Amino acid sequence: MKKFIVLILFASAFGCNNAPEDNGKLKVVTTTTMLTDLVSEIGGEHVSLQGLMGAGVDPHLYKASEGDVSKLYEADIIFYSGLHLEGKLVDIFEKMEGQKNTVSLGDKLPNQELISSEYFASNYDPHVWFNIQFFKQFAQIVTDELSKADPENAESYFENNKDYQKKLDALESEVKAIIATLPPEKRILVTAHDAFNYFGKAYDFQVVGLQGISTATEAGVKDVQNLSEFIIQNNIKAIFVESSVPRRTIEALQQAVLSKNHEVEIGGSLYSDALGDPGTEEGTYIGMFKYNVNTIVNALK
């Protein structure tokens, strides 16, 4: 019923013609915090940007409000992560096709480079931003789309992207140097849900999530017991909670390990499906990535 109401609100919005002018700036709406930060870097002063989701928000479970529907209607361009990450918003984006300029960034990546998943609706793991090379491709796509929609400022978007690509290259070099300090046999990352598979593939970690790729999948008692045995067998020193997932799942896993007379620490909270608070280092994609890598490596050493 709620989904039906949202779609009605969206459909009725197309009958309105009172969208604000925003001083002639391109009106852009993004879904996740990662995309909001990215568009801010590329669009700069030439876009009027609104992000639907805030810090700590789980995009898998996010439901659009009436205010969100209005923002989507008023936008010139909508960027969303795609690959069914924003599962509750799929019906709205499908409704918009042919009527609004919507860009599903993840769906523009080459399928052969994506990680398959029989447990996820799109058959691909949507957490692609944990491979910096994919995020570089996102930046290029955003640049191209903004330039097409606003050719007058295309040169500015191009220069912003050029600068941001250099920052992302520097980030990857720094990340690899930090990871190199951790022996390969200790590179086993246990988290609340399977958000870090692209990270593991790109940076040589074995990644194990208690929940599936989508947080809509609940971990059962058997999952906890099986993973606790894995932790003991591999002598894993630390496991990690995530900022957008309740702590109780990892705390239950820790208790299961402790009950078997094996010590395991909660190594910290990682940012997975959302960035940190605005105005903090972790509130940017680059700052989030550095924080995660430092937290992981320091806890597992």
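What's counted below: heavy atoms across the whole structure, side chains too, no hydrogens, waters or symmetry copies. In this text, all values refer to a predicted model and were calculated from it rather than measured experimentally.
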Donor-acceptor pair, [X] side chain versus [Y] backbone, under 3.5 Å?
X	Y	value
Asn131	Gln133	yes
Tyr203	Val175	no
Thr280	Asp277	yes

When you compare the side chain of [Y] with that of [X], does any pair of heavy atoms fall below 4.5 Å?
X	Y	value
Lys201	Asn197	no
Thr32	Glu86	yes
Glu263	Leu258	yes
Leu253	Ile250	yes

Run the numbers on His60 and Asp273 for side-chain hydrogen bond (donor to acceptor under 3.5 Å, both in side chains), then give the verdict. CA-CA 9 Å; His60 297 286; Asp273 290 340; 3.1 Å; yes
Going only through I, L, V, M, F, W and Y residues with side-chain contacts under 4.5 Å, is there a path from [X] to [Y]?
X	Y	result
Val297	Phe196	yes
Phe230	Val241	yes
Ile179	Ile286	yes
Ile178	Ile132	yes
Phe289	Leu182	yes

Leu52 to Tyr62 - nearest heavy-atom pair and separation: O-OH, 3.2 Å
Where is the tightest heavy-atom contact between Ser243 and Tyr271, given as atom of each residue plus distance? OG-CD2, 3.4 Å
Between Glu281 and Tyr291, does a side chain to side chain contact (heavy atoms under 4.5 Å, CB included) hold up when you go through it step by step? CA-CA 8 Å; Glu281 184 177 359; Tyr291 170 86; over 6 Å; no
Testing Trp129, Phe134, Phe130 one by one against Tyr198 for a ring pair (Phe, Tyr, Trp, His ring centres under 6.0 Å), which residue passes? Phe134
Within the 6.0 Å centroid threshold, strictly below: Tyr285 and Phe135: yes
Is it the case that over 12 heavy atoms from other parts of the model lie below 6.0 angstrom from the [atom1] atom of [X]?
X	atom1	answer
Glu185	CD	yes
Lys260	NZ	yes
Glu229	CD	yes

Which of these passes side-chain contact (heavy atoms from CB on, under 4.5 Å) with Val29: Asp76, Leu72, Thr36? Leu72
Sole candidate of Val103, Leu109, Asp107 that passes side-chain contact (heavy atoms from CB on, under 4.5 Å) when paired with Leu105: Val103
side-chain hydrogen bond (donor to acceptor under 3.5 Å, both in side chains), that's the test. Do Asp169 and Gln165 meet it? Break it down for me. CA-CA 6 Å; Asp169 286 337; Gln165 294 283 344; over 6 Å; no
In sequence, state the C-alpha distance, the side-chain angles, and the governing distance for Glu145 and Lys148, and then conclude on salt bridge (Lys or Arg N to Asp or Glu O under 4.0 Å). CA-CA 5 Å; Glu145 293 294 335; Lys148 284 191 290 185; 3.4 Å; yes
Using the side chain to side chain contact (heavy atoms under 4.5 Å, CB included) rule, take Leu275 and Glu282 through it: C-alpha gap first, then chi angles, then the decisive distance, then the call. CA-CA 6 Å; Leu275 301 180; Glu282 294 80 24; over 6 Å; no
